[in-house]
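Labels below follow one simple rule: chain letters A, B, ... track the order of the sequence lines, proteins then strands, and each chain is numbered from 1. Atoms considered below: every heavy atom in the structure, side chains included; atoms not considered: hydrogens, waters and symmetry mates.
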Number of protein chains: 2
Amino acid sequence: MSDQFTLEDVNVALSPMERFEEYLQSKGKRVTQPRRILVDHVFSKHEHFDADTLIDELSKMAAGPNRVSRPTVYRSLTELVEAGLLRKLDIAGRAVYEHDYGYPDHDHLYCTQCQQLFEFHSEELAKIRDAVAKEQHFRVTGHKFIVNGVCVECQHKARRPKRKVDLI
Amino acid sequence: MSDQFTLEDVNVALSPMERFEEYLQSKGKRVTQPRRILVDHVFSKHEHFDADTLIDELSKMAAGPNRVSRPTVYRSLTELVEAGLLRKLDIAGRAVYEHDYGYPDHDHLYCTQCQQLFEFHSEELAKIRDAVAKEQHFRVTGHKFIVNGVCVECQHKARRPKRKVDLI
DNA sequence: TGTCTTATTGAGACATAGACTCAACACAAA
DNA sequence: TTTGTGTTGAGTCTATGTCTCAATAAGACA
């Protein structure tokens with residue numbers, strides 16, 4: 001987090017759900033029960049997750065009338081990305097989501113051994129990006145930077161097989 | 001291309017097929033007709049392509065006994081990536097391939113309008129990457145950096161709909 | 001050059017993530 | 001409360017890629 005407010009920070013007083021409601025209203029969309037359940041769940045913890053995990057968790061959480069269907073999960077994820085609440089990453093061909101709203105810019109180190117993501121921030125990166133873009137008269141809207149490799153932990157435990165299908 | 005030879009350049013005298021044969025032999029694999037046809041075709045032009053396009057082109061090219069089947073295309077692409085002849089990119093969730101062997105390091109600007117990829121090279125990028133990694137004691141094996149935005153051409157022709165399903 | 005072992009191939013089934021269709025439903029405005 | 005319309009969930013469909021397995025063809029060796 002930064003020490004001073006930027007324009008972006010002003011709205012951070014709003015909860016994710018409130019922020020989402022703003023977005024929905026601006027689009028003439030409705031604030032429904034499934035969308036509420038999903039947003040509450042997604043923002044209840046700060047972790048990277050994929051659609052499938054979310055579908056599982058939601059169906060476990062509320063088996064009855066309060067469950068959220070697969071299509072709705074996919075639809076809502078797309079909306080949340082559009083609304084700027086979530087960011088979508090492509091890790092090794094898989095779609096992975098993370099919080100965007102109220103969370104500082106960052107990129108990722110991806111350990112190809114344990115599949116964990118590590119966040120980092122670099123000011124210079126954006127500068128390079130913008131410089132290159134300017135040179136080619138390219139209008140930048142964003143970027144994806146993922147560094148592949150092996151994390152400290154995995155370097156140490158060398159080739160002892162561990163968490164494989166664990167969380168990304 | 002650089003002005004001076006590096007160790008990497010030494011083997012560039014070999015054609016992609018020759019290079020691939022080296023790899024196959026080192027793995028106890030066989031130099032077969034389908035693999036030859038595929039490599040020849042892939043390296044006959046320097047473009048980004050996806051598996052599907054390749055399958056189409058190959059089936060058009062040689063309908064008879066010389067055709068290459070879908071499974072073989074997928075298998076060979078994997079081998080070519082392993083052999084270091086091709087690089088695999090994930091653009092907006094799609095797998096896209098490009099020449100790696102004998103081709104200088106670079107990253108990409110991706111125009112979300114016309115879906116075209118533009119290449120660029122930045123020395124600083126690798127430096128930043130390595131600095132960040134060092135800080136976190138992360139052993140780097142590679143990276144993916146894709147800058148999203150709108151290319152000059154698309155900025156100019158504004159919102160006139162054009163090439164959509166065109167080549168990536 | 002013929003023989004034999006074994007990697008490779010192609011056909012087709014299977015897997016998976018995600019999108020689409022549509023009738024029933026529920027939000028929110030009047 | 002009523003009503004118009006956006007939303008939902010069940011189920012189907014599509015795209016991309018993988019797996020299985022019998023038939024084939026490299027290529028090593030005689």
K.L.:
Which listed nucleotide (D:dT8, D:dG11, D:dG17) is nearest to the side chain of B:Ala51?
P.N.:
D:dG17

K.L.:
Hey, do the aromatic rings of B:His99 and B:Phe43 have their centres closer than 6.0 Å?
P.N.:
yes

K.L.:
Pairing donors with acceptors under 3.5 angstrom, does anything connect the side chains of B:Glu119 and B:His121?
P.N.:
no

K.L.:
Mind calculating the distance between CZ (A:Arg36) and C1' (C:dC27) to the nearest angstrom?
P.N.:
10 Å

K.L.:
OP1 or OP2 of C:dG18 versus the side-chain N and O atoms of A:Tyr74: is any pair under 4.0 Å?
P.N.:
yes

K.L.:
If you only use heavy atoms from C-beta on, which nucleotide in D:dG17, C:dT9, D:dT16 is closest to the side chain of B:Ala95?
P.N.:
D:dG17

K.L.:
Looking across every strand, which nucleic acid part, if any, lies under 4.0 Å from B:Arg75 by heavy atom: base, sugar-phosphate, or nothing?
P.N.:
base

K.L.:
Select one nucleotide: of D:dT20, D:dT8, C:dA7, the one nearest the side-chain heavy atoms of B:Arg30.
P.N.:
C:dA7

K.L.:
May I have the distance from B:Gln33 (atom CD) to D:dG27 (atom C1'), rounded to whole angstrom?
P.N.:
15 Å

K.L.:
Is the distance from OP1 or OP2 of C:dT9 to the nearest side-chain N or O of B:Ser69 less than 4.0 Å?
P.N.:
no

K.L.:
When the nearest nucleotide of DNA chain D is assigned to B:Val31 and to B:Thr78 on a heavy-atom basis, which residue is associated with the more 5' position?
P.N.:
B:Thr78

K.L.:
Heavy atoms under 4.0 Å, any strand shown: does B:Pro71 hit a base, just sugar-phosphate, or nothing?
P.N.:
base

K.L.:
C:dT8 C1' sits how many Å from B:Leu24 CG, rounded?
P.N.:
11 Å

K.L.:
Can a side-chain donor-acceptor contact be found between B:Asp50 and B:Thr53 if the only test is distance below 3.5 angstrom?
P.N.:
yes

K.L.:
Side-chain donor-acceptor pair under 3.5 Å between B:Glu98 and B:His108, yes or no?
P.N.:
yes

K.L.:
Is there a donor in the side chain of B:Glu82 and an acceptor in the side chain of B:Tyr23, or the other way round, less than 3.5 Å apart?
P.N.:
yes

K.L.:
Could you tell me the separation between the CD atom of B:Glu21 and the P atom of C:dT8, rounded to a whole number of Å?
P.N.:
14 Å

K.L.:
For B:Lys27 and D:dG27, what is the distance between atoms NZ and C1' respectively, to the nearest whole Å?
P.N.:
20 Å

K.L.:
Tell me whether the OP1 or OP2 atom of C:dT9 has a side-chain N or O from B:Thr32 closer than 4.0 Å.
P.N.:
yes

K.L.:
Using five base pairs at each end, measure the axis-to-axis angle across the helix from C:dT1-D:dA30 to C:dA30-D:dT1 and round it to 10 degrees.
P.N.:
30°

K.L.:
Where the side chain of A:Arg70 is concerned, which of D:dT16, C:dT6, C:dA19 is the nearest nucleotide?
P.N.:
C:dA19

K.L.:
Under a 3.5 Å distance rule, please check whether A:Arg19 uses its side chain to pair with a backbone N or O of A:Gly102 as donor and acceptor.
P.N.:
no

K.L.:
Between D:dG27 atom P and B:Lys29 atom NZ, what is the distance in whole Å?
P.N.:
14 Å

K.L.:
Are A:Arg35 and A:Glu79 ion-paired here, with the side-chain N under 4.0 Å from a carboxylate O?
P.N.:
yes

K.L.:
Can you tell me the distance, in whole Å, between the CZ atom of B:Arg35 and the C1' atom of C:dA7?
P.N.:
8 Å

K.L.:
For residues B:Arg75 and B:Thr72, is any side-chain donor paired with an opposing acceptor at under 3.5 Å?
P.N.:
yes

K.L.:
Without decimals, in angstroms, what is the distance between B:Ile91 CD1 and D:dT16 C1'?
P.N.:
16 Å

K.L.:
OP1 or OP2 of D:dT16 versus the side-chain N and O atoms of A:Arg94: is any pair under 4.0 Å?
P.N.:
no

K.L.:
Could you work out which one of D:dT16, D:dG9, C:dG10 sits closest to the side chain of B:Asp52?
P.N.:
D:dT16

